[in-house]
Amino acid sequence: MRWLYKMHENADVIVLGGGIVGVCVAVHLQMRGKQVVLADRRAPGEETSFGNAGLIQREAVFPHHFPRGLADLFRYAKNKSTDAAYHPAFLPRLISPLLRYWYHSEPGRYRAMTRRYAPLILASLDDHIDLATRAGAMHLLRPGGWTQAHEAQRTLNAALEEAEIMRREFGIEHVPMDAGQLAAHEPHLRTGLAGGVHWPKPLAVIDPHALTLAYAAHFETLGGRIRVANAKDLRREGAAWRLNGLTAPEIVVAMGAWSPEVTTMLGYNPPLFVKRGYHAHFAPDGNAGLNNAVLDVANGYMLAPMRRGIRLTTGAEFAHRDSPPTPVQLARAEPAARRLLPSLGKRLDPEPWMGARPCTPDMMPIIGPAPGQPGAWYAFGHAHHGLTLGPTTGRLLAEMMTSDTPFTDPRPYRPERF
Ligand SMILES: Cc1cc2nc3c(=O)[nH]c(=O)nc-3n(C[C@H](O)[C@H](O)[C@H](O)COP(=O)(O)OP(=O)(O)OC[C@H]3O[C@@H](n4cnc5c(N)ncnc54)[C@H](O)[C@@H]3O)c2cc1C
């Protein structure tokens, strides 16, 4: 990887942003014969793609919607819950995107949206397996799925009902578990839980950063180039895009939560907002860990066994992307996690990691040609599912950019919808 200073280089496409989405776009374009430069202000995979929960969520056809029930809204308004928190001073700037998020979460609109979103999710597992096989990275993907653990019979029943709809409408498999079956599946969880819903198909990445780096290394073996550059230096000169010494007729903006820094220069101001999230790792006591990732539904955090230990990841924090970390949800989740998994041992990271999920009000990513900017393309806004959808987004956008037949109708994800 080199800094772009006074070099003069040509490429067919410059991909801006080296998170999982940008890397996957770059590799798919390079696989289709384009000469691609991947440009990031730092090394690939060091922002949000570094620290997620590692799930390739082949089951996630129902993305996280805005709560509509009054009881939930009151609970969140108190700002004391583990699964969601907010910075009160930032709320005025969130009103517009959150109102739109609420609007799109209305049950009728939401269900219609899931049908438009599902083709991406349903392709995600096969697209990862294809890319991981090419990249020699299958050892980073662990089979076995993941499990929701429920304290209350009421939430378990509701989750089972939803799982049944997902099975009927989208063919997604789940395994209902009563208390005994959950205990047999994850023997180190505390007793007294109501049961669980197990999703057997998703794969779990044991080191999401390593996976992004493996895909980036594969991109380089295909002839792709990785350069360090600040995307804010992008300029248009006639039909060409210039980034310091680099020239290309096409660009892709894939900078996750930072994408508006470039798209607004190009006249496109998406209603993107971030849900920040945190993680910390813990050592299991002896071998008393987890077989697969577990979501504590009552408290809204995930425990995912990874290379570096058991990774506790938190839910959504509504705050300015760049304001200093306030890991209160991690502080609330840790005691709950110790109750759920009494063998959770020493905390391994002195400081929590923080990432920023790039979210859109209609819960779908923005993928397609930039309005009014020939030669510019967008791929961002993957919210809770960027790891899951990286290779699928990369494939879809590369198909569009090389005039190949897209594997699914890309219109639901087009930037103009905002
Ligand atoms: C706690 C947590 C748990 C999660 N768990 C999961 C999960 O289990 N499964 C799942 O599918 N998703 C999960 N996600 C979501 C997922 O991590 C994100 O959707 C995904 O990482 C977004 O990838 P990205 O490539 O769009 O953005 P990023 O990974 O954030 O990459 C953006 C890139 O743009 C670069 N950039 C920014 N500004 C500039 C600039 N000026 N010039 C050049 N480059 C720039 C950055 O350096 C960075 O490399 C989770 C997220 C969090 C926070």
Side-chain angles (χ1 to χ4, degrees), residues 48 51-53 55 57 60 62-95 97-102 104-105 107 110 146-159 162 189-190 192-194 196-197 273-280 282 293-304 310-321 323-341 344 347 352-359 361 363 383-385:
T48 315
N52 52 54
L55 294 175
Q57 288 196 258
F62 290 173
H64 294 262
H65 58 73
F66 195 89
R68 304 271 308 179
L70 276 184
D72 279 339
L73 288 171
F74 277 127
R75 184 166 67 83
Y76 290 128
K78 286 194 234 157
N79 207 11
K80 297 254 182 277
S81 56
T82 309
D83 54 341
Y86 59 91
H87 286 185
F90 189 60
L91 273 189
R93 288 170 65 183
L94 277 172
I95 284 175
L98 288 191
L99 274 177
R100 293 169 78 170
Y101 185 18
W102 179 82
H104 287 286
S105 301
Y110 179 74
W146 67 277
T147 308
Q148 296 175 359
H150 290 261
E151 269 177 21
Q153 193 63 45
R154 180 185 58 81
T155 64
L156 177 59
N157 292 344
E162 186 171 276
L189 294 183
R190 77 169 172 85
L193 294 163
V197 182
F273 60 100
V274 301
K275 292 184 191 173
R276 306 200 305 183
Y278 299 84
H279 85 217
F282 297 82
V294 171
L295 174 73
D296 177 347
V297 173
N299 295 293
Y301 65 86
M302 178 81 80
L303 288 175
I310 297 179
R311 180 176 285 186
L312 190 168
T313 58
T314 64
E317 183 187 48
F318 295 87
H320 190 282
R321 185 194 64 205
S323 67
T326 47
V328 289
Q329 289 160 285
L330 199 57
R332 290 174 194 151
E334 183 175 335
R338 292 192 182 283
R339 284 194 300 277
L340 180 70
L341 183 66
L344 197 67
R347 180 159 158 179
W353 168 89
M354 184 182 80
R357 304 174 182 94
C359 301
M363 294 155 273
H384 293 257
H385 300 145

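Hydrogens, waters and symmetry mates play no part in the numbers below; they use all other heavy atoms, side chains included.
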Colleague: Checking the side chain of Tyr278 only, and the main-chain atoms of Val328 only, is there a donor and an acceptor separated by less than 3.5 Å?
Modeller: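 Between the backbone of Val328 and the side chain of Tyr278 there is no qualifying donor-acceptor contact (under 3.5 Å).
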Colleague: Tell me, do Tyr76 and Asp72 make a side-chain contact under 4.5 Å, heavy atoms counted?
Modeller: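 Counting from C-beta outward, Tyr76 and Asp72 do come under 4.5 Å.
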Colleague: How long is the gap from CH2 on Trp353 to CG on Asn52, to the nearest 0.5 Å?
Modeller: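 The CG atom of Asn52 is 6.5 Å from CH2 of Trp353, to the nearest 0.5 Å.
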Colleague: Restricting to salt bridge (charged side-chain N to carboxylate O under 4.0 Å, His left out), what partner residues turn up for Arg338, sequence neighbours left out?
Modeller: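 Per chain and number, Arg338 pairs via salt bridge (charged side-chain N to carboxylate O under 4.0 Å, His left out) with Glu334.
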Colleague: Just to verify, what does Phe273 make a ring-ring contact (aromatic ring centres under 6.0 Å, His included) with, not counting sequence neighbours?
Modeller: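 Listed in chain order: Tyr101.
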Colleague: Are any non-hydrogen side-chain atoms of Val197 and Leu156 less than 4.5 angstrom apart?
Modeller: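 In contact.
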Colleague: Return the CG to CG distance between Leu303 and Leu312, rounded to the nearest 0.5 Å.
Modeller: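 The distance works out to 5.0 Å.
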Colleague: If only atom types and distance count, is the side chain of Arg276 paired as donor or acceptor with the main-chain N or O of His320 below 3.5 Å?
Modeller: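 Yes, Arg276 side chain to His320 backbone: donor-acceptor pair under 3.5 Å.
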Colleague: Heavy-atom distance under 4.5 Å between the side chains of Leu98 and Phe318, does that happen here?
Modeller: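 A side-chain contact under 4.5 Å exists here.
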Colleague: I'd like to check the side-chain contact (heavy atoms from CB on, under 4.5 Å) partners of Leu99; sequence neighbours left out, ordered by chain and number.
Modeller: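 side-chain contact (heavy atoms from CB on, under 4.5 Å) list for Leu99, sorted by chain: Ile95.
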Colleague: Determine whether Glu151 and Arg190 satisfy the following criterion, side chain to side chain contact (heavy atoms under 4.5 Å, CB included), listing intermediate values before the conclusion.
Modeller: CA-CA 10 Å; Glu151 269 177 21; Arg190 77 169 172 85; 3.2 Å; yes
Colleague: Return the minimal non-hydrogen interatomic distance between His65 and Met363, and the atom names on each side.
Modeller: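 Here His65 and Met363 meet closest at CA-SD, 3.7 Å.
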Colleague: Going by side-chain contact (heavy atoms from CB on, under 4.5 Å), name the residues that satisfy it together with Thr313, two or more places apart in sequence or in a different chain.
Modeller: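 By the side-chain contact (heavy atoms from CB on, under 4.5 Å) rule, Thr313 matches Ala53, His279, Met302, Arg311.
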Colleague: What are the two closest non-hydrogen atoms of Ala85 and Asn79, and how far apart are they?
Modeller: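 It is CA-OD1, 3.3 Å.
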Colleague: Only counting residues at least two apart or in another chain, list the ones meeting side-chain contact (heavy atoms from CB on, under 4.5 Å) with Asp296.
Modeller: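 Per chain and number, Asp296 pairs via side-chain contact (heavy atoms from CB on, under 4.5 Å) with Ala298, Asn299, Tyr301, Ala336, Leu340.
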Colleague: Answer whether the closest heavy-atom distance between the side chains of Pro63 and His385 falls below 4.5 Å.
Modeller: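 They are in side-chain contact.
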Colleague: Of the non-hydrogen atoms in Ala194 and Ala152, which two are nearest, and what is the gap between them?
Modeller: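 In this case the closest contact between Ala194 and Ala152 is CB-C, 3.7 Å.
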Colleague: Kindly compute the distance separating NE2 (His64) from NZ (Lys275), expressed to the nearest 0.5 Å.
Modeller: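 Between atom NE2 of His64 and atom NZ of Lys275 there are 6.5 Å.
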Colleague: Check whether Thr48 reaches the backbone of Ala356 with its side chain - one donor and one acceptor, N or O, closer than 3.5 Å.
Modeller: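 Between the backbone of Ala356 and the side chain of Thr48 there is a qualifying donor-acceptor contact (under 3.5 Å).
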Colleague: Would Glu317 and His87 count as a side chain to side chain contact (heavy atoms under 4.5 Å, CB included) here? Give the steps.
Modeller: CA-CA 8 Å; Glu317 183 187 48; His87 286 185; 3.4 Å; yes
Colleague: With side chains defined as the heavy atoms from C-beta onward, is the minimum distance between Gln148 and Trp146 less than 4.5 Å?
Modeller: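 SC-SC contact between Gln148 and Trp146 confirmed.
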Colleague: Please report the closest heavy-atom contact between Arg357 and Ala383, naming both atoms and the distance.
Modeller: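 Nearest heavy atoms, Arg357 then Ala383: CB-O, 3.6 Å.
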Colleague: So which heavy atom on Ser105 is nearest to which on Arg68, and how close?
Modeller: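 Looks like O-CD, 3.7 Å.
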Colleague: So which atom in Pro97 and which in Pro361 form the shortest heavy-atom distance, rounded to 0.1 Å?
Modeller: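 Heavy-atom minimum between the residues: O-CB, 4.1 Å.
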Colleague: Could you measure the distance from the OH atom of Tyr86 to the CG atom of Leu94? Nearest 0.5 Å is fine.
Modeller: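 Going from the OH atom of Tyr86 to the CG atom of Leu94 covers 11.0 Å.
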Colleague: Can any side-chain N or O of Gln329 pair as donor or acceptor with the backbone N or O of Gly277 at less than 3.5 Å?
Modeller: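 Side chain of Gln329 to backbone of Gly277, a donor-acceptor pair under 3.5 Å: no, none is there.
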Colleague: Under the salt bridge (charged side-chain N to carboxylate O under 4.0 Å, His left out) rule, what pairs show up with a residue in residues 77-87, not counting sequence neighbours?
Modeller: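 Salt bridge (charged side-chain N to carboxylate O under 4.0 Å, His left out) check on residues 77-87 returns Arg75-Asp83.
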